[in-house]
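In what follows, a single structure is set out as structure tokens and then discussed.
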Amino acid sequence: MTQSWQNTKAPRSIGYRIKLLSQLLTRQFQDKIEPYGLTPFHWVVLCCLWEQDGLATSDIGDRLCQVGGTLTGVIDRMEERGLVRRERDQRDRRVWRIWLTDDGRKLEEILPPLAIEINEKTLHGLSEAERQNLSQWVDVMIANLS
């Protein structure tokens with residue numbers, strides 16, 4: 001199906017609306033986690049480590065589709081805050097593994113409810129089936145552009 005030119009211009013284009021949605025979500029979530037001295041990027045790194053502690057920096061970057069330099073700075077700040085610690089991999093000394101500290105683990109009890117609150121506010125009015133469809137459609141769009 002071919003879209004008309006009118007539907008591809010901002011503010012009607014899907015790209016513009018997704019960008020706006022992303023900015024609104026980020027801003028609202030930032031407001032929720034700012035009292036903890038965190039950024040949304042800290043959140044996604046913590047999510048990776050809550051799922052599997054001791055990941056290599058490169059594995060975190062792969063999961064988040066991030067370039068190493070950006071991730072390194074974020075992990076530096078998280079380490080300074082006492083949320084994570086770095087250790088050299090015992091089998092490959094070139095690899096740094098990132099481990100949660102007790103403070104980083106404690107945030108798993110605090111932060112997910114904040115994310116759920118924003119998620120529910122965002123998806124309010126959508127049925128469970130519509131939520132699943134939306135998630136699948138977003139995955140397809142990401143795959144199309146990857």
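Every heavy atom of this structure was used, including side-chain atoms; hydrogens, water molecules and symmetry mates were not.
- Hydrophobic cluster membership differs between I116 and W50, with clusters built from Ile, Leu, Val, Met, Phe, Trp and Tyr side chains linked at under 4.5 angstrom.
- With values rounded to the nearest 0.5 angstrom, D59 atom CG is found 7.5 Å from Q52 atom CD.
- Proximity of a side-chain donor or acceptor of S22 to a complementary backbone N or O of I18 within less than 3.5 Å is not detected.
- For the atom pair CG of L24 and CG of L20, the computed distance is 4.5 Å after rounding to the nearest 0.5 Å.
- Scanning both residues, L107 and P112, for their nearest heavy atoms gives O-CD, 3.7 Å.
- For the pair L46 and L100, the minimum side-chain heavy-atom distance is below 4.5 Å.
- D139 contributes atom CG, which lies 9.5 Å from atom CG of L134 (distance to the nearest 0.5 angstrom).
- Put simply, the side chain of Q30 gets close to the backbone of L38: a donor and an acceptor are under 3.5 Å apart.
- Separating the CD1 atom in I33 from the CD atom in Q28 is a distance of 12.5 Å, to the nearest 0.5 Å.
- The two residues I60 and C48 come nearest to each other via the heavy atoms CG2-SG, 4.4 Å.
- How far CD of E117 is from OG1 of T122: 10.0 Å, rounded to the nearest 0.5 Å.
- Scored by the salt bridge (Lys or Arg N to Asp or Glu O under 4.0 Å) test, E51 finds R63 as partners (sequence neighbours excluded).
- Cluster annotation: V45 is connected to I118 through the hydrophobic network of ILVMFWY side chains, with a link wherever side-chain heavy atoms come within less than 4.5 Å.
- In this structure a side-chain-to-backbone donor-acceptor pair under 3.5 Å is missing from H124 to K121.
- Put simply, L145 and Y16 are part of two different groups of oily side chains (I, L, V, M, F, W, Y) that touch within less than 4.5 Å, one to the next.
- Contacts of F29 classified as ring pair (Phe, Tyr, Trp, His ring centres under 6.0 Å), with partners at least two apart in sequence or in another chain: W43.
- Take E120 and apply the salt bridge (Lys or Arg N to Asp or Glu O under 4.0 Å) test, not counting sequence neighbours, and it matches R131.
- If you take CH2 on W99 and CG on L55, they are separated by 8.5 Å, rounding to the nearest 0.5 Å.
- The number of heavy atoms from other shown groups lying within 6.0 Å of CD (E128) is above 12.
- With respect to the salt-bridge test (charged N to carboxylate O, under 4.0 angstrom), the residues R97 and D53 do not qualify.
- V74 and W96 sit in two unconnected hydrophobic clusters of ILVMFWY residues. Membership requires side-chain heavy atoms under 4.5 Å apart, directly or through other members.
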* To do: Test R88 against R94 for side chain to side chain contact (heavy atoms under 4.5 Å, CB included), laying out the working first.
  => CA-CA 7 Å; R88 290 235 184 242; R94 298 169 296 176; 5.6 Å; no

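- Cluster annotation: V95 is not connected to V84 through the hydrophobic network of ILVMFWY side chains, with a link wherever side-chain heavy atoms come within less than 4.5 Å.
- Proximity of a side-chain donor or acceptor of E130 to a complementary backbone N or O of S127 within less than 3.5 Å is detected.
- Salt-bridge annotation for R86 and D76: present, with a side-chain N of the basic residue lying under 4.0 Å from a carboxylate O of the acidic one.
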